[in-house]
4 protein chains.
Amino acid sequence: MEYDADAEIIRDAPEPPFQQLAGILRTRIQRGDWAPRRPILSETRLCEDYGLSRPTVRRAIAALVKEGRLFVVPQRGTYVADRSAPASEDESAE
Amino acid sequence: MEYDADAEIIRDAPEPPFQQLAGILRTRIQRGDWAPRRPILSETRLCEDYGLSRPTVRRAIAALVKEGRLFVVPQRGTYVADRSAPASEDESAE
Amino acid sequence: MEYDADAEIIRDAPEPPFQQLAGILRTRIQRGDWAPRRPILSETRLCEDYGLSRPTVRRAIAALVKEGRLFVVPQRGTYVADRSAPASEDESAE
Amino acid sequence: MEYDADAEIIRDAPEPPFQQLAGILRTRIQRGDWAPRRPILSETRLCEDYGLSRPTVRRAIAALVKEGRLFVVPQRGTYVADRSAPASEDESAE
DNA sequence: GTGGTCTAGACCACG
DNA sequence: GTGGTCTAGACCACT
């Protein structure tokens, strides 16, 4: 499923919030909101912007890390991977 | 990770500035910018050239000293070690 | 040098603030302000109570950890060691 | 020989400048310009205030350290000793 | 001029 | 909320 880069989180949608956020971020990365090897928004900032809790935000990030689109540097930040659109994987399935 | 000898410091990068500087200096030493037992640039000069603060520059130097590529003579300067390319080690560890 | 458990930090003193704080905490631990295996004040709290910055507080804690009087549990807190008064050591050395 | 606390350095006096400065500082310490365990002026500042070179200033300080009136903390500063007027010693002779 | 030391503050991931 | 990390700048003695 695709997501609009400027979509908002819909609480009672069929997809859980963390999946919606992952979809939004995936689109924003592909759109080029952040260049490879550059930091995306901090977890705190994502919480504020999308009205989500920390665990939810972390779950979305974890999904994108698993897909190879992001990588986390401990105590420093979350960055866009060099090859931001790796081989297609189970993006919607989980 | 390798660094170009003429690279500039990128604030936003996943690697912190002190690590980038260490990488640049490591490359410049191997390239032969300074002969063994000859002083490299002063800490003050490195601050100016790379737009960094003293502590950041000192941290980079400390890493190269630990690797055996440089040695510091208190109140006199920082020098290239005789054997400037010792066995590879964990260059990212602090 | 000994420190009063209720002493304040003196900026101008020959001993740097981080050393003064280490001395104060050392005295408070020996006095029994906190029981073994119980947390001392958080770093943030110590900053407020003594008017110091985080790095200064952390440096004092690091000294006491090195002495075996405290131990740090990452992301959880700083605790008094079981045997809170180990053999005397070089308390001024860093 | 005693010196006025507000005296200036006289180049062609019988006493060399470093001795004159030592005398002035001795008087200022006894007068209480700086409390015990508090820093006096930095070497750089003394150079400026009295129009002397660094070696000259350092020689004056060394004399007062030898007398037990001052003590130097490496890389930190020069401080007034706790007992600022110890047993009389060879103050003018050298 | 050099390197040495210390304090400061902001940002982060993490539980 | 916690501790972890990093950069910044001022001041010092010293050669």
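We use all heavy atoms of the structure for the numbers below, so side chains are in, but hydrogens, waters and symmetry mates are not. Proteins come first, then strands; the chains are lettered A, B, ... in the order of their sequence lines, and each starts at number 1.
- Each of V72(D) and T56(B) lies near DNA chain F, and the nucleotide nearest T56(B) is the one positioned closer to the 5' end.
- Contact detail for I24(D) and A5(D): the closest heavy-atom pair is CG2-O, 3.5 Å.
- Between Q20(D) and E15(D), the shortest heavy-atom contact is NE2-O, 2.9 Å.
- Once rounded to the nearest 0.5 Å, the distance linking CG of L46(D) with CG of L52(D) reads 8.5 Å.
- L70(C) has its CG atom 14 Å from the C1' atom of dG3(F), to the nearest Å.
- Nucleotide dC11(E) holds its C1' atom 13 Å from the CG atom of D12(B), rounded to whole Å.
- Checked against dG9(F), dA13(E), dG1(E), the side chain of R54(D) finds its nearest nucleotide in dG1(E).
- Rounded to a whole Å, the CD1 atom of I9(C) is 12 Å from the C1' atom of dT7(E).
- Across all strands, P55(C) comes closer than 4.0 Å to base atoms (heavy-atom distances).
- When rounded to the nearest whole Å, the span between CD of E15(B) and P of dT5(F) equals 17 Å.
- Atom CG of L41(A) and atom CG of L25(A) lie 8.5 Å apart (nearest 0.5 Å).
- Distance E48(C) CD to dG1(F) C1': 12 Å, rounded to the nearest Å.
- Rounding to whole angstrom units, CD of residue Q75(B) and C1' of dT15(F) are separated by 7 Å.
- Considering only side-chain atoms of R58(C), the nucleotide from dT7(F), dT5(F), dT7(E) that sits closest is dT5(F).
- Following rounding to the nearest Å, R76(B) (CZ) and dG3(E) (C1') show an atom-to-atom distance of 12 Å.
- Clustering ILVMFWY residues whenever any of their side-chain heavy atoms sit less than 4.5 angstrom apart, transitively, puts V57(A) in the very cluster that holds V72(A).
- For the pair R76(D) and A13(C), the tightest heavy-atom approach, listed with the atom from each and the gap, is NH2-O, 3.1 Å.
- The nearest pair of heavy atoms linking F71(A) to V80(A) is CE2-O, 3.5 Å.
- Between G77(A) and L52(C), the one whose closest nucleotide on DNA chain E sits nearer the 5' end is L52(C).
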Dot-bracket encoding of pairs in DNA chain F, which uses [ ] for pseudoknotted crossings and | for another strand, Watson-Crick or G-U under 3.5 angstrom: ||||||||||||||.
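- Applying a 4.0 Å cut-off to non-hydrogen atoms, none of the residues of residues 40-47 of chain D approaches DNA chain E.
- Counting non-hydrogen atoms under 4.0 angstrom, P74(B) reaches the backbone sugars and phosphates but no base.
- Between A22(A) and A60(A), the shortest heavy-atom contact is N-CB, 3.9 Å.
- Neither Y79(A) nor L64(A) shares a network with the other; the hydrophobic side chains, linked directly or stepwise wherever heavy atoms of I, L, V, M, F, W or Y lie under 4.5 Å apart, form separate groups for each.
- Look at CD1 on I61(A): it is 10 Å from C1' on dA13(E), rounded to the nearest Å.
- In terms of phosphate contacts, S53(B) brings no side-chain nitrogen or oxygen within less than 4.0 Å of OP1 or OP2 of dT7(F).
- Pairing each heavy atom of Y50(A) with each of R28(A), the nearest pair is OH-NH1, 3.1 Å.
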